[in-house]
A.B. asks: 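Shown below is the structure under consideration.
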Amino acid sequence: MANLVNLERATVGYGTRTLLDGVSLGIEEGDAIGVVGRNGDGKTTLLRILTGAQEPDSGRVTHTSGLSVGYLRQADDFERGSTVRGVITGGHPDHIWAAEPTTRTVVENLLSGVDLDSEVAALSGGERRRVALAEVLLGGHDVLILDEPTNHLDVEVIGWLAAHLTSRPARALVVVSHDRWFLDAICTATWEVHDGTVDAYEGGYAAYVLARAERMRVAAGTEARRRNLMRKELAWLRRGPPARTSKPKFRILAANELIANEPPPRDSLVLQRFATTRLGKDVFDLHRVRLEVGDPPKVVLDGVDWSIGPGARIGLVGVNGTGKTSVLRLLAGELQPSAGTVKRGLTLRIGYLSQAVRELDGADRVIDAVENRRRITELAGGREISADTLLKDFGFIGDKLTTRIEELSGGERRRLQFLRLLLDEPNVLLLDEPTNDLDIDTLTVIEDYLDGWPGTLIVVTHDRYFLERVSDVTYALTGGGRCDLLPGGIEQYLADRASADEPVAARAEPARRESAAARRRRTGKELARIEGQLAKLDDRIAALHESMAEAAADHVRAAELNTELGELTDRKESLEEAWLSLADDG
């Protein structure tokens with residue numbers, strides 16, 4: 001394949017720190033590369049070097065003659081007075097740009113509800129971000145280099161973007177993202193930026209985790225906690241729905257060897273017992289609740305009954321603007337319902353992680369902001385952990401401990417915000433977009449803490465991987481004041497949304513033109529979804545068997561549990577039949 005971009009012995013430093021140290025790598029035609037690494041390790045710097053926006057201190061970068069590179073930066077730089085229409089369609093009226101299918105689908109999916117004649121400067125930050133992404137996608141570039149393209153996109157649009165990029169609108173693609181589902185969906189290779197070097201791995205995020213865990217297994221002197229986190233995440237990738245993609249046989253065998261003795265990420269039954277002890281039987285009980293927000297009022301919930309018990313781990317999804325944050329604020333007590341009642345348990349200690357970081361005093365130093373809160377905190381099972389240990393786990397070491405909060409990056413402030421929340425020992429966590437601005441290593445640390453955290457968790461996030469990783473059940477705000485349970489999780493939500501948006505005629509048309517490769521991908525994803533549901537059913541059936549043993553003397557309770565067991569068994573058999581049917585067709 002043709003080499004499009006080549007980096008030779010590039011070195012870049014800031015002050016006394018070297019971000020890239022003699023790095024050599026290349027981008028070939030057909031590459032789809034995901035770039036990962038901790039915040040501040042040089043991912044954005046690497047992209048700037050590759051695009052030519054920044055020159056390396058030494059070494060060189062070369063582009064194939066006539067190469068067009070589209071670069072989505074983290075910060076937009078639109079010209080003063082420019083309109084959305086001028087930026088993305090060259091000022092053409094609707095009847096001209098809408099005749100081009102690619103332009104039409106990009107505008108419909110990224111800029112739905114945005115007035116194309118409005119000035120870009122008047123838009124919100126999220127809307128400007130989507131305009132910048134649309135501009136890059138419609139630029140006709142040979143190479144697309146995208147820095148956090150999923151920021152400000154909801155789950156549905158992220159799914160569309162992944163499908164759009166895998167249809168190969170460009171000759172090569174390089175993406176920096178903390179969205180692991182997105183990386184696994186689009187990438188054929190992964191670059192990890194760390195300690196001035198760039199390590200290259202074949203495959204998407206799941207393959208990268210496996211290869212990295214294997215390297216760490218054979219390398220002497222690897223830090224124990226870091227290795228354990230990677231092993232836990234690898235176990236999740238092999239058992240959970242996000243990454244049951246096909247892999248060569250040797251990789252499957254290697255993965256099975258690595259996780260042979262690795263328990264599931266969390267013991268749901270034990271956590272449920274802890275949660276009941278700390279919270280009692282009642283957490284939130286919503287009765288005929290109507291919630292209206294904004295001016296003019298917009299109905300978020302209308303006549304909703306919702307009982308949330310101890311130990312529930314709930315993911316809340318919905319398109320932007322449906323009111324997910326408002327629901328969290330209602331549960332936290334910051335908003336009152338227009339009608340109905342919200343009953344809260346007497347022992348609730350709510351930890352609410354908002355999207356803003358205004359509760360942090362910018363003049364405080366990191367170490368003071370933590371130790372003034374609490375020096376020792378208690379985790380699940382009574383295990384105590386010091387503030388110093390938490391600071392280290394969350395990446396605050398050395399000079400960072402005495403840095404003023406106002407000097408921290410957005411990701412560092414988000415990390416500190418979550419750390420301080422843990423120190424308050426809440427028994428209910430309400431998390432509003434907790435993955436914003438965080439790198440993947442930090443996300444695995446947070447997931448590790450949540451695995452052993454016994455309490456009720458409700459999380460709003462557009463990060464599909466994180467949501468599936470930490471929650472057990474999914475609810476969706478589907479409009480019209482409804483909040484619906486989704487037994488099939490994110491896959492069901494996306495399928496329902498696609499079905500609702502698809503024209504009846506298109507729905508009736510047979511899929512005979514689907515390519516064999518596309519059919520295999522679709523079948524693989526459906527198999528992964530069913531496997532994920534089967535794994536959850538197995539956990540619930542095992543928990544029921546234990547509950548039945550405990551209730552052996554209570555014949556009424558035992559009969560109820562036996563009925564529930566029968567329903568779950570029937571559901572499992574139905575799913576197994578569906579899996580076998582799909583496997584035979586594939």
A.B. asks: Can a donor-acceptor pair be found, under 3.5 Å and without considering hydrogens, that links the side chain of K43 to the backbone of G37?
C.D. replies: yes

A.B. asks: Taking only residues at least two apart or on different chains, which pairs with a member in residues 131-175 satisfy ring pair (Phe, Tyr, Trp, His ring centres under 6.0 Å)?
C.D. replies: W160-H164

A.B. asks: Can a donor-acceptor pair be found between the side chains of R469 and Y465 at a distance below 3.5 Å?
C.D. replies: no

A.B. asks: Flag the pair R73 and D147 as a salt bridge only when some basic side-chain nitrogen lies within less than 4.0 angstrom of an acidic carboxylate oxygen.
C.D. replies: no

A.B. asks: Any side-chain donor paired with an acceptor under 3.5 Å for D439 and T442?
C.D. replies: yes

A.B. asks: Quick check against the 3.5 Å criterion: does D142 have a side-chain atom that pairs as donor or acceptor with the backbone of R171?
C.D. replies: no

A.B. asks: When you look at D432 and T325, which way does the side-chain hydrogen bond (donor to acceptor under 3.5 Å, both in side chains) test go after all the steps?
C.D. replies: CA-CA 7 Å; D432 195 358; T325 293; 2.7 Å; yes

A.B. asks: Between T188 (side chain only) and D31 (backbone N and O only), is there a donor and an acceptor less than 3.5 Å apart?
C.D. replies: no

A.B. asks: For the pair D195 (side chain) and T197 (backbone), establish whether a donor and an acceptor sit closer than 3.5 Å, ignoring hydrogens and angles.
C.D. replies: no

A.B. asks: Just to verify, what does W97 make a ring-ring contact (aromatic ring centres under 6.0 Å, His included) with, not counting sequence neighbours?
C.D. replies: none

A.B. asks: Any chance the side chains of H462 and N320 put a donor and an acceptor closer than 3.5 Å?
C.D. replies: yes

A.B. asks: Start with the C-alpha gap between D21 and T18, add the side-chain angles, then the distance that decides, and say whether side-chain hydrogen bond (donor to acceptor under 3.5 Å, both in side chains) holds.
C.D. replies: CA-CA 6 Å; D21 188 6; T18 301; 5.8 Å; no

A.B. asks: Who pairs with F78 by ring-ring contact (aromatic ring centres under 6.0 Å, His included), at least two apart in sequence or on another chain?
C.D. replies: none

A.B. asks: Quick check: does any side chain N or O of T64 sit under 3.5 Å from a backbone N or O of N3, one acting as donor and the other as acceptor?
C.D. replies: yes

A.B. asks: Could you pull out the closest heavy-atom pair between T51 and R48, with the gap in Å?
C.D. replies: OG1-O, 3.0 Å

A.B. asks: Please answer whether the main-chain N or O of E119 pairs with a side-chain N or O of S82 as donor and acceptor at a distance below 3.5 Å.
C.D. replies: no

A.B. asks: One thing to verify: whether R180 and E447 come together as a salt bridge, which I'm taking to mean a side-chain N less than 4.0 angstrom from a carboxylate O.
C.D. replies: yes

A.B. asks: Is it the case that the side chain of D184 and the backbone of A206 share a donor-acceptor pair, with hydrogens and angles ignored and the cut-off at 3.5 Å?
C.D. replies: yes

A.B. asks: In terms of side-chain heavy atoms, does T105 have a donor or acceptor partner in N109 at a distance below 3.5 Å?
C.D. replies: yes

A.B. asks: Look at R464 together with E491 and state whether they make a salt bridge at an N to O cut-off of under 4.0 Å.
C.D. replies: yes

A.B. asks: Would you check if the side chain of D154 reaches a backbone N or O of V319 as a donor-acceptor pair within less than 3.5 Å?
C.D. replies: no

A.B. asks: Counting only N and O atoms by type, is there a donor-acceptor contact under 3.5 Å from the side chain of R313 to the main-chain atoms of S471?
C.D. replies: no

A.B. asks: Give the minimum heavy-atom separation between L161 and L137, together with the two atoms involved.
C.D. replies: CD1-CD1, 3.9 Å

A.B. asks: With no hydrogens and no angle check, do the side chains of Q74 and T44 hold a donor and an acceptor under 3.5 Å apart?
C.D. replies: yes

A.B. asks: Can you check whether R9's main-chain N or O pairs, donor with acceptor, with S24's side chain at less than 3.5 Å?
C.D. replies: yes

A.B. asks: With rounding to the nearest 0.5 angstrom, report the CD1 to CG distance, I314 to L467.
C.D. replies: 11.0 Å

